[in-house]
Amino acid sequence: MYRDENDTPPDLPPAATGETAATGATGADAGGTGGTGLGPLLVSLQLTDSAFPSGFYTLSHSLEGFAQAGAVDPDSLPLLLEDLLLYGVGPADATALALAHRATAAGDPAATVRIDEHLLATKLGREMRQASVRTGRQLLDLGREVFGRPEIGDYLDRVVRREAPGTQAVAAGVIYAATGVPVRQAVAADLFAFCVSFAGAALRLRLTDHRTTQTLIRGAAPLIERTVEAALRRELDDVGATVFASDIMSGRHERAEARLFAS
């Protein structure tokens, strides 16, 4: 029971087959594009849009804690983002997303639950755990409504029954697999969404401006590629972050008198 406390397999077969590896649904069914082959791309664009109400807007991914401690400035922002990608979200959430995607594509929800449990257990701070399960449940709830795939609704039901924690990364893996987005593209899209969320938090914390924010996001592209390839090679036992400074800042942030972000 969960309290809301908040090896790389091949990608999809060629578009000419009209089917997705994740669900066997036609392109029109999975992506809603009438067989144009653009369905998976359009799904990933929608899910990574900053306007998509997944809850990422409320998160700073420990950046606010760094800012409150005076431990980050405009010059060090790219370095912090690099560390979070390569040693934080990459080995943890991105890897769990890839594993959950494969488990969902294989029709193995029990394996997805194990991945979900493992990922939650690696999140050391209460704040990070709460943020992950809140955004995960929101993502599943909205994903069921928007995409209408049974795998999404089935996993949301497990979360509601407290049979699974429903972390954000695993929820994303379920949705991407259910909608036919290839695993590599799914991991890349979620990492891009993380970078956009981080950059947006930096903007709201006045650590950067709108133009420099775009440079920050673009500069992360090679890191995203590197992080994706590493995530696709890992197994469940490898899941876990090692950015301990981020955990410390998150713990301080939990006790801060004033907070702009939930994490």
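In what follows, residues are counted from 1 in the order of the sequence shown.
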*CD-CG distance between Glu127 and Leu59, expressed to the nearest 0.5 angstrom*: 9.0 Å
*asked:* Just verifying a value: how many Å separate His61 NE2 and Asp93 CG, rounded to the nearest 0.5 Å?
replied: 9.5 Å
*Can you tell me how far the CG atom of Leu120 sits from the CE atom of Met128, to the nearest 0.5 Å?*
13.0 Å
*Mind running side-chain contact (heavy atoms from CB on, under 4.5 Å) on Leu191 and Glu225 for me, showing each step along the way?*
CA-CA 9 Å; Leu191 287 171; Glu225 292 188 39; over 6 Å; no
*Side-chain donor/acceptor of Thr227 to backbone N/O of Leu223, under 3.5 Å*: yes
_Sub-4.5 Å side-chain heavy-atom contact between Glu82 and Leu79_ = yes
*Nearest-0.5 Å distance, CG of residue Leu97 to CZ of residue Arg102*: 10.5 Å
*Enter the distance from Leu80:CG to Phe198:CZ here, rounded to the nearest 0.5 Å.*
4.0 Å
*Could you check if a side-chain atom of Leu63 sits within less than 4.5 angstrom of a side-chain atom of Leu207, using non-hydrogen atoms only?*
yes
*asked:* Measuring from atom OH of Tyr155 to atom CD of Glu163, what distance do you get when rounded to the nearest 0.5 angstrom?
replied: 10.0 Å
*Ignoring hydrogens and angles, state whether a donor on the side chain of Ser132 or Gln168 is under 3.5 Å from an acceptor on the partner side chain.*
no
*asked:* Starting from Leu216, can I reach Leu203 by hopping between I/L/V/M/F/W/Y residues whose side chains sit under 4.5 Å apart?
replied: no
*Quick one: does Phe194's side chain get under 4.5 Å of Leu84's, heavy atoms only?*
yes
*With a 3.5 Å cut-off and no angle check, do the side chains of Gln185 and Ser44 form a donor-acceptor pair?*
yes
*asked:* If I compare all heavy atoms of Met249 with all of Ser62, which pair ends up nearest, and what's the gap?
replied: CB-O, 4.1 Å
*Is it the case that Ser76 and Asp73 place a side-chain donor and acceptor less than 3.5 Å from each other?*
yes
_Just so I know, are the side chains of Leu81 and Leu85 near enough to count as touching, which here means a heavy-atom distance under 4.5 Å?_
yes
*Exercise: identify the closest heavy-atom pair between Val181 and Ala186*: CG1-N, 3.9 Å
*Do Phe192 and Val89 share a hydrophobic cluster, counting only Ile, Leu, Val, Met, Phe, Trp and Tyr and linking them when any side-chain heavy atoms are less than 4.5 Å apart?*
yes
*asked:* I'd like to know if the side chain of Asp116 reaches the main chain of Gly166, judged simply by a donor and an acceptor atom lying under 3.5 Å from each other, with no hydrogens or angles considered.
replied: yes
*For Ala193 and Thr48, which heavy atoms make the closest approach, and how far apart are they?*
CB-CG2, 4.1 Å
*State whether a side-chain donor-acceptor pair under 3.5 Å links Asp190 with Tyr176.*
no
_I need the single residue from His118, Arg234, Glu235 that forms a side chain to side chain donor-acceptor pair (under 3.5 Å) with Thr95. Which is it?_
Arg234
*Between Leu205 and Glu64, is a side-chain contact (heavy atoms from CB on, under 4.5 Å) present by the stated rule, with each step listed?*
CA-CA 7 Å; Leu205 291 167; Glu64 186 172 24; 4.0 Å; yes
*Side chain of Ser250, backbone of Ser246: donor and acceptor closer than 3.5 Å?*
no
_Residues in side chain to side chain contact (heavy atoms under 4.5 Å, CB included) contact with Val146, at least two apart in sequence or another chain_ = Gln46, Leu142
*Closest heavy-atom contact between Ala105 and Ala177?*
N-CB, 4.2 Å
*Which is it for Leu156 and Val160 under the side-chain contact (heavy atoms from CB on, under 4.5 Å) test, yes or no, and what are the steps along the way?*
CA-CA 6 Å; Leu156 175 60; Val160 171; 4.1 Å; yes
*After noting the C-alpha distance and the side-chain angles of Arg149 and Asp154, does the key distance pass the salt bridge (charged side-chain N to carboxylate O under 4.0 Å, His left out) rule?*
CA-CA 9 Å; Arg149 298 299 301 165; Asp154 290 346; over 6 Å; no
*What do the steps show when you test Leu139 against Leu47 for side-chain contact (heavy atoms from CB on, under 4.5 Å), and what is the final call?*
CA-CA 9 Å; Leu139 187 58; Leu47 289 173; 4.3 Å; yes
*May I ask you to test the Leu232-Arg184 pair for a side-chain heavy-atom distance under 4.5 Å?*
yes
*asked:* Looking at every non-hydrogen atom in both residues, tell me the closest pair between Ser54 and Gln138 and how far apart they are.
replied: O-CG, 3.8 Å
*With a 4.5 Å heavy-atom cut-off, do Leu119 and Leu99 have their side chains touching?*
no
*Step through the shown structure and confirm whether more than 12 heavy atoms of other residues, nucleotides or ligands are within 6.0 Å of CZ on Phe52.*
yes
_If I compare all heavy atoms of Ala231 with all of Val187, which pair ends up nearest, and what's the gap?_
CB-CG1, 4.3 Å
*Is any side-chain heavy atom of Val72 less than 4.5 Å from a side-chain heavy atom of Leu77?*
yes
_Single-linkage hydrophobic cluster Leu236~Val170, side-chain heavy atoms < 4.5 angstrom_ = yes
*Compare all side-chain heavy atoms of Arg129 with those of Val133 and state whether any distance is below 4.5 angstrom.*
no
